[in-house]
Amino acid sequence: MRSCRKVRRGSGCSSQPRTPSNRSIAPLPLSRASASAVGSSPPDTRANARREAIARLREAGIESAVLDADLLLAYVLGIRKEDVYAHPEPVLSADERAGYEGLIARRARGEPVAYLRGWKEFYGLEFAVDPRVLIPRPETELLVDETVRRLAPLDSPLICDLGTGSGAIAIALAVALPRARLIATDSSTAALEVARANASRHEVRERIDFRAGDLLAPIHETLDAVVANLPYLTSAEVDAGGGTSIEFEPRAALDAGADGLAVIRLAIAQLLARPAPTDIALFECGPAQARSAAAELGAAPGVRTDIVADLAGRPRVVVAMRVAARR
Ligand SMILES: C[S@@+](CC[C@H](N)C(=O)[O-])C[C@H]1O[C@@H](n2cnc3c(N)ncnc32)[C@H](O)[C@@H]1O
């Protein structure tokens, strides 16, 4: 299981909550603040603001209304979520009220909390995220766990992370495997900007070489391992994703064609065409794609495959050992 989690918040290791003070939050009309000034509404306490926000999010059909209202209030106030409950009485300033209303309005329209706050925790680390990159998902931690477990005995493995997005996987691996060197590729130069900044924040920038390009195309080195969480939704699933976070995430990070395998299949073909074998390759897949991906890899001579299930028992990570060129 995860052995080397370390929460690093913001730039450096401070445990202070992030505040939005240096961010631009579009002010909304101060309806309640103005109303309470003339004494016609309950006071603008944290508790009241929170209650109103929960009601508004529920009305908009947001299932995680309570959690989201709390996270966003804590974010606006620059405090920990627990302190929202511990100290519900303080009255919000007009700016805090406006900032909170603005974020709740955006959340009610479906924008993910991670984009609203500008960060997401993954593998115990904090990653800056914005609409240039996919928001790292908790299920991808299994891919990192499996990679760390299998590569920990190696001295200084060279690992490639395909489709790095925010850099979450490459950076988590660099932190967990301090002697590893990494190459991380993405076809999106905008995503690579985010990933480079995240690597600098976590002080692993000098061990990760970020390269723009199509999957393995920019890599000529012999690799010890390839890891990838590439797009694996079908185009139809992406089209049907309105009202969820995927409506706000880059389509190129999600859409893998009619069967959800288009990008993984391309990566497998590139891997099998490389002149030197790769010791191990690990692909995160959707449960509907895992068996097909394993069969494609296992069809190559001498390649052994395994499928690791996630906590819900669904096939999730396809592992292939000794991936050598097709004959
Ligand atoms: C599902 S996202 C995963 C991002 C990150 N690895 C993570 O787990 O949070 C897939 C990423 O692959 C990138 N991508 C899609 N097709 C690609 C291709 N042909 N070559 C390189 N990167 C690609 C996308 O731009 C996106 O950043």
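Ligands are counted one by one from 1 in listed order, and the atoms in each one are counted from 1 as well. If you're wondering where the values come from, they're calculated on a predicted model, not measured in any experiment.
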Would you say that more than 12 heavy atoms from the other residues, nucleotides or ligands in this model lie under 6.0 Å from the CD of E89, or not?
yes
Can you find a pair of side-chain heavy atoms, one from V194 and one from V129, that are under 4.5 Å apart?
no
Going by distance alone, is a donor N or O of one side chain under 3.5 Å from an acceptor N or O of the other, for S235 and D255?
yes
For D214, the atoms of ligand 1 under 4.0 Å from one of its heavy atoms are 18 (C), 19 (N), 20 (N)
Please determine if R46 and E96 form a salt bridge, counting it only when a charged side-chain N lies under 4.0 Å from a carboxylate O.
no
Salt bridge or not for D70 and R80, using N-O below 4.0 Å?
no
Give me the residue, atom name and distance of the protein heavy atom closest to atom 24 (C) of ligand 1.
D186 OD1, 3.5 Å
So does K120 pair up with E249, basic N to acidic O under 4.0 Å?
no
Would you mind finding which of V129, L254, I169, L215 brings a heavy atom closest to atom 20 (N) of ligand 1?
L215
Side chain, backbone, both or neither: T164 near ligand 1, heavy atoms under 4.0 Å
backbone
Just distances here: any N/O of D161 and N/O of ligand 1 closer than 3.5 Å?
no
Ligand 1 atoms nearer than 4.0 angstrom to some heavy atom of N229 are 1 (C), 2 (S), 3 (C), 6 (N), 7 (C), 8 (O), 10 (C)
Atom 1 (C) of ligand 1: the protein heavy-atom neighbour that sits closest, reported with distance to 0.1 Å
A253 O, 2.9 Å
Atom 23 (C) of ligand 1: closest protein heavy atom, distance to 0.1 Å, is S187 OG, 3.2 Å
May I ask you to decide if the ring planes of F127 and H202 are parallel, tilted or perpendicular, using 30° and 60° as cut-offs?
tilted
Residue selection (non-hydrogen contact nearest atom 15 (C) of ligand 1) among A252, P218, A195
A252
Which atoms from ligand 1 have a heavy atom of P136 less than 4.0 Å away?
9 (O)
for atom 6 (N) of ligand 1, nearest protein heavy atom and its distance come out as G163 O, 2.8 Å
Between R56 and E52, is there a salt bridge with N-O shorter than 4.0 Å?
no
Go through ligand 1 atom by atom and flag the ones less than 4.0 Å from a non-hydrogen atom of G213.
20 (N), 21 (C)
